Amino acid sequence: MSKPTSPTKPSKTSRRTFLKISGASIIGGAAAYWFSGGSNGGESFAANLKEIKADRIVPTFCEICFWKCGVLAHVKDGKVFKLEGNPKHPLSNGKLCPRGTGGTGALYDPDRLKTPLIRSRVDGKEVWKAVSWDEALTYTAKRLNEVKAKHGAEAIALYSHGHGGAFFKTIMKGLGSGVMAAPSFDQCRGARTVGFKLTYGRAVGSLEQLDTPNSKCIAFIGSHLGENMHNTAVQDLSQAIDRGASLITVDPRFSVVASKSKYWLPIKPGTDIALLLAWSHILIEEGLYAKDFIEKNAHGFDELKQYLADKTPEWAYVETGLDPSLIRKSIRELAKNAPAAYVHPGRHVAWYGDDTQRSRAIAIVNALLGNWAKKGGFYLGNKLSLKAAKIPAFPPKAKFKSPSHFPLANKPCAYDVCDASLSTKERAATIKAWIVYGCNIPLTLPDTRKVIAAMKELEFVVAVDTMPAEVTSYADVVLPENTYLERYGELHAPLYRQPYVAIRQPAVKSMYQSKPGWWIAKSLADKLGLGHYFPYKDIESYLKSRMDNSGLSFDQLKKDGVILGDNLPIYDNAAQMQFNTPTGKIELLSTTLAAQKGLSAFPQYTRPEQVPDGFFRLLFGRSPVHTFSRTTNNPELLKVMPENEVWLNTDMARILGFKNGQYVMLENQDEVSTGPVRVFVTERIRQDCVYMVHGFGREDKRLRASYGKGASDARMVTRIKRDPIMGATGMNVNYVTLRKVG
Ligand code: MGD
Ligand code: SF4
């Protein structure tokens, strides 16, 4: 277990303080923009929507989360008053999720960033100076070039999350730095990618290639689809339910999907690998596995059988607390419906430091069900191959010198980039500057205190954001990007059931002084002397040339928002049954892991440490109306869910004397606290854990709608357990106690 170094006082080199973007601290001519915000924003567009007739309907795609559903933006008098799903777009099929319909809240949020800002010193005090774009970009380029000249290109790191990140990656490649990190890797689904690649030679993809509408049985293991809202995945699931599919949910909490399930397995947190091994044991012992499929396609079956010999349901009962008969019934249900049955691979899987092996254990159960490239199981999608723009070759990339070593981390871990930005007694920081695009790093990486200490030590930080999020408070330069409803973006042509290409295009003009990400990156590149990597006048000509070169109509794309490609086979064709693993087979026994010292060829179960007396294990997840801290200040979505709550088991509430709705503070094992947060007393959770939705507990007064609402799970994550294979930061290893307030 590693405990992040968390300096409680700023390090000696610390040179940057938390700087609120409030009216009082902004100086300079552009301050007027800041104060004019109220007149542009804040109106309620929800009223009388039906009576309003749009002047224009603009197809684009959503950015409220990363699923990228097709949107129709209804515009009247230059304002977006309604967002609907684009019926032509395969991800939305005419519908948006609740968050997507609240996208106008992001556009008209009165707290938005409105002008470029530079941290300056006036009369010995740090203040924000509102500046022109030219000044902000000239200064940013100067500082980045200084860092490069002094420390090398690899001292500059990029954090990015979201569709616009691609333009900033071009800058990094032009600079010659390979230090590009995203929280979606080691804080989210990286372990799943590595686990499936080790097993099948292929990842499951960000639009998970699951043939849910044709499935007859689906098992969710720690995946709370429906609360974790991905529009198409939820539409697919409701189709499956309508067709009579049976569901199995493995979760310490009676989640929404558990309430729709035939079997709920209220597992002891951290013991999932034991259950998965027992499931595989039963499939083999009872002869329920897909024999022909395994014989033809799998490597290491006999060794697996031997490895699983003692992993009986009775063995798993001791670990998981699950009745052996429930373990048997649930896997038999999956086997009965296979191959039109699957165990969902999950999405946010950075839990306990055994994450790649847990993903491997899921991949192995699926292999035994024989559902790869099968109707109702995993499909193998296709994508349109769009021509890339012609640009000059990049210089060689200087690699990230990580302070930690994880043999199968195929990209820099976001956590290690932060580590390398902070000096310790043993080593000096090697990362000296951050470019942050669309990531609220202090609430995203484990241990907010450590992130802040790193940001204070860095020589330069530039944050590109739409909101005055926590990350901008510690930046030297803040660049306001406009929201997705005001901008063009890169084309989107993902791997999917039916290939397609979609366009993001502006529904309304840019508000305030905000600018699109492509423009910010291109203009910064010009200042850095890297303009030749953006060889186009504007984004429309760039997108048009990509479409023209690919033989597709840009005009049609603009009109419909999407162009569909041909339907190609997604099941069972011979070409798809090639596995890009060392043996060319599905590796039940991983030859790659077997070759690594200290790693196991099969998923190994390790008992999680006991929850200390007087504490609960802290679990966290998603809400259908919010996406991390992206949306927790969105006025439209806050109307639906204004704060998070902490779920507490009814018996424990009675014993400890807590009432439903009462406000408490949470304090973790390292005496860090967050809150106040309301208690939700429920029988829907085990006694040994509590649960809350991620993204709340905002600490910054300039977020007027969300400041002080609810509690921050990120604050409670002061310990992590790293996955030894790829470095995922297991965060479910923190414990909290509830303290009464008032
Ligand atoms: P957010 O915290 O929502 O997500 O981590 P992040 O990607 O950092 O921060 C998003 C930032 O993007 C906000 O500052 C928002 O204002 C800004 N933004 C929104 N739209 C735009 C835009 O159009 N342009 C620009 N430039 N900025 C924009 C998510 C990460 O967090 C992930 S993927 C997971 S799964 C993990 N989840 C998780 C958890 O559940 N608990 C804890 N404690 N930590 C977690 N970390 C991980
Ligand atoms: Fe937008 Fe919802 Fe689709 Fe995410 S799932 S892209 S928030 S509509």
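One-based numbering, in listed order, for ligands and for the atoms of each. Values in this document were obtained by computation on a predicted structure and should not be read as measured data.
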Student: Flag the pair Arg189 and Glu208 as a salt bridge only when some basic side-chain nitrogen lies within less than 4.0 angstrom of an acidic carboxylate oxygen.
Tutor: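 A salt bridge is absent here (no side-chain N lies under 4.0 Å from a carboxylate O).
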Student: Trp434 and side chain to side chain contact (heavy atoms under 4.5 Å, CB included): which single residue from Leu158, Val471, Ile441, Val462 fits?
Tutor: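 One option only clears the test, and that one is Ile441.
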Student: Just by distance, no angles: are the side chains of Thr232 and Arg497 close enough, under 3.5 Å, to form a donor-acceptor pair?
Tutor: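 There is no such pair (donor and acceptor under 3.5 Å, judged by atom type) between the side chains of Thr232 and Arg497.
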Student: Output all residues satisfying side chain to side chain contact (heavy atoms under 4.5 Å, CB included) with Lys387, sequence neighbours left out; order by chain, then residue number.
Tutor: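 Partners of Lys387 under the side chain to side chain contact (heavy atoms under 4.5 Å, CB included) test: Asn549, Ser550.
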Student: Near atom 1 (Fe) of ligand 2, which protein N/O/S atoms fall under 2.8 Å?
Tutor: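 The answer is Cys62 SG.
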Student: Can you list the residues that meet the ring-ring contact (aromatic ring centres under 6.0 Å, His included) rule with Tyr342, with sequence neighbours excluded?
Tutor: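 Per chain and number, Tyr342 pairs via ring-ring contact (aromatic ring centres under 6.0 Å, His included) with no residue.
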Student: What residue pairs, at least two apart or across chains, pass salt bridge (Lys or Arg N to Asp or Glu O under 4.0 Å) with a residue in residues 217-238?
Tutor: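 For residues 217-238: Glu227-Arg253.
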